Every structure is written in structure tokens, then in C-alpha cells.
A.B. asks: 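For reference, the structure I am asking about is given below.
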Amino acid sequence: MTLVLIFSDKLDIKHTRVAKAGRNVPGMRQLCFVNDIQIILDSSTLTIRFLCDKSLDQLELEEFYFTKKVFRAISSFSKKLKLTPVVYLNDHSWQPYSN
């Protein structure tokens, strides 16, 4: 249960999480463009789809320290449940830290 709570906290990066002061902080301001997050779980795969506005600056979001934490959480959760993680930013595969 603890793992699920930690995972859900890390994935909560939608526009509703950003306080007024955060709208001017590089990286965090990009969360304002994350409209929804879809999670699909099947027997072998964890698919996460970040649905974002076209105004999103993907590079700025990827350089934001918290985005790395999100991807670490996805990886850890997947490993614990022996699932293959698949992440999308809109309709494109998203693997910014795969190297």
C-alpha cells in the first residue's frame, strides 16, 4: 500500500497541483500544461500517458528536477510488480532518461 501511495503522489503532476506562485518557476510552470494522466495496467505492462497542451515546453519539463523523480517512481513501481513501463507524452513515446 505504501508503494501505491508514493507512486500516486509522484504522478500527481497535473495543472491542478501548481500553486499560483509556482506558475513562474521554470519547470514547475510546465505542469500547468499537463491536463490529464491516464494509467493503464495489464498483466505485463504499466502504460502511463501524459496528456498535455501543445504549449508545453517538453525540454523545460524534462530539466525540472521533479520529472526525474516521476520517472524513477514509474521504474521502481514497475520493477516491484514485474511490469514493463511504457510512457507517452500525448501520442509519442517519452523516454527522456533512458540512457
Side-chain angles (χ1 to χ4, degrees):
M1 184 62 154
T2 302
L3 184 62
V4 171
L5 291 173
I6 292 169
F7 184 58
S8 65
D9 178 62
K10 293 295 182 256
L11 281 182
D12 182 20
I13 61 167
K14 290 176 25 177
H15 61 94
T16 54
R17 184 169 183 160
V18 182
K20 189 173 183 180
R23 294 180 187 153
N24 296 316
V25 176
M28 184 176 290
R29 63 185 171 202
Q30 296 309 314
L31 301 183
C32 294
F33 301 111
V34 180
N35 298 321
D36 200 10
I37 301 165
Q38 296 176 343
I39 301 168
I40 302 164
L41 184 64
D42 65 32
S43 61
S44 63
T45 308
L46 170 65
T47 303
I48 300 178
R49 189 176 300 270
F50 294 92
L51 302 175
C52 304
D53 187 271
K54 292 179 182 179
S55 300
L56 176 98
D57 181 335
Q58 184 175 344
L59 182 58
E60 183 177 309
L61 179 62
E62 291 171 358
E63 291 174 348
F64 182 44
Y65 79 96
F66 197 80
T67 306
K68 290 180 183 177
K69 290 184 177 190
V70 170
F71 275 84
R72 274 191 297 242
I74 292 168
S75 177
S76 296
F77 189 80
S78 298
K79 284 180 186 175
K80 185 73 172 170
L81 297 178
K82 298 178 180 155
L83 300 170
T84 302
V86 179
V87 182
Y88 292 95
L89 182 65
N90 292 325
D91 293 324
H92 303 285
S93 178
W94 192 23
Q95 302 173 5
Y97 313 108
S98 59
N99 294 338

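This is a predicted model, so every value here is computed, not measured. Side-chain atoms are counted along with the backbone in the values below, which use heavy atoms only and exclude waters and symmetry mates.
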A.B. asks: What pair of heavy atoms forms the shortest contact from N35 to C52, and how long is it?
C.D. replies: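 Scanning both residues completely, I find the closest heavy atoms to be ND2-C, 3.9 Å.
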A.B. asks: When rounded to the nearest 0.5 angstrom, what is the spacing between CG in D57 and CD in E62?
C.D. replies: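 CD of E62 is found 9.0 Å from CG of D57.
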A.B. asks: Is it the case that over 12 heavy atoms from other parts of the model lie below 6.0 angstrom from the CG atom of D91?
C.D. replies: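 No.
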A.B. asks: Using every non-hydrogen atom in the two residues, find where V18 and M28 come nearest and quote the distance to one decimal.
C.D. replies: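 Nearest heavy atoms, V18 then M28: CG2-O, 3.8 Å.
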A.B. asks: Keeping Y88 on the side-chain end and T47 on the backbone end, is there a donor-acceptor pair under 3.5 Å?
C.D. replies: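 Such a contact is absent between Y88 side chain and T47 backbone.
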A.B. asks: Mark yes or no for whether S78, through its side chain, and I74, through its backbone, hold a donor-acceptor pair below 3.5 Å.
C.D. replies: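 Pair found, side chain donor or acceptor close to backbone of I74.
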A.B. asks: Taking the side chain from R17 and the backbone from D12, do they hold a donor-acceptor pair closer than 3.5 Å?
C.D. replies: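 Yes, the answer is positive, given that a donor and an acceptor are paired below the 3.5 Å cut-off.
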A.B. asks: Could you give me the CA-CA distance, side-chain angles and deciding distance for F71 and I48, then say whether side-chain contact (heavy atoms from CB on, under 4.5 Å) is met?
C.D. replies: CA-CA 11 Å; F71 275 84; I48 300 178; over 6 Å; no
A.B. asks: Could you tell me which non-hydrogen atom of C32 sits nearest to which non-hydrogen atom of H15, and how far apart they are?
C.D. replies: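 Closest approach of C32 to H15, heavy atoms only: O-CB, 3.3 Å.
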A.B. asks: Treating Ile, Leu, Val, Met, Phe, Trp and Tyr as nodes and any side-chain heavy-atom pair under 4.5 angstrom as an edge, say whether F33 and V87 lie in one connected cluster.
C.D. replies: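 Linked within one cluster.
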A.B. asks: Go through the steps to decide whether N24 and R29 satisfy the test side-chain contact (heavy atoms from CB on, under 4.5 Å), and finish with yes or no.
C.D. replies: CA-CA 6 Å; N24 296 316; R29 63 185 171 202; 5.7 Å; no
A.B. asks: Looking at every non-hydrogen atom in both residues, tell me the closest pair between Q30 and S55 and how far apart they are.
C.D. replies: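 Answer, listing the atom of Q30 first, then S55: OE1-O, 4.2 Å.
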A.B. asks: Could you go step by step and tell me if W94 and L61 meet the side-chain contact (heavy atoms from CB on, under 4.5 Å) rule?
C.D. replies: CA-CA 12 Å; W94 192 23; L61 179 62; 3.7 Å; yes
A.B. asks: Decide side-chain contact (heavy atoms from CB on, under 4.5 Å) for F50 and I13; before the verdict, give the C-alpha distance in whole Å, the side-chain angles of both, and the deciding distance to 0.1 Å.
C.D. replies: CA-CA 9 Å; F50 294 92; I13 61 167; 3.5 Å; yes
A.B. asks: Quick check: does any side chain N or O of N90 sit under 3.5 Å from a backbone N or O of H92, one acting as donor and the other as acceptor?
C.D. replies: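 Judged by distance alone, no pair lies under 3.5 Å.
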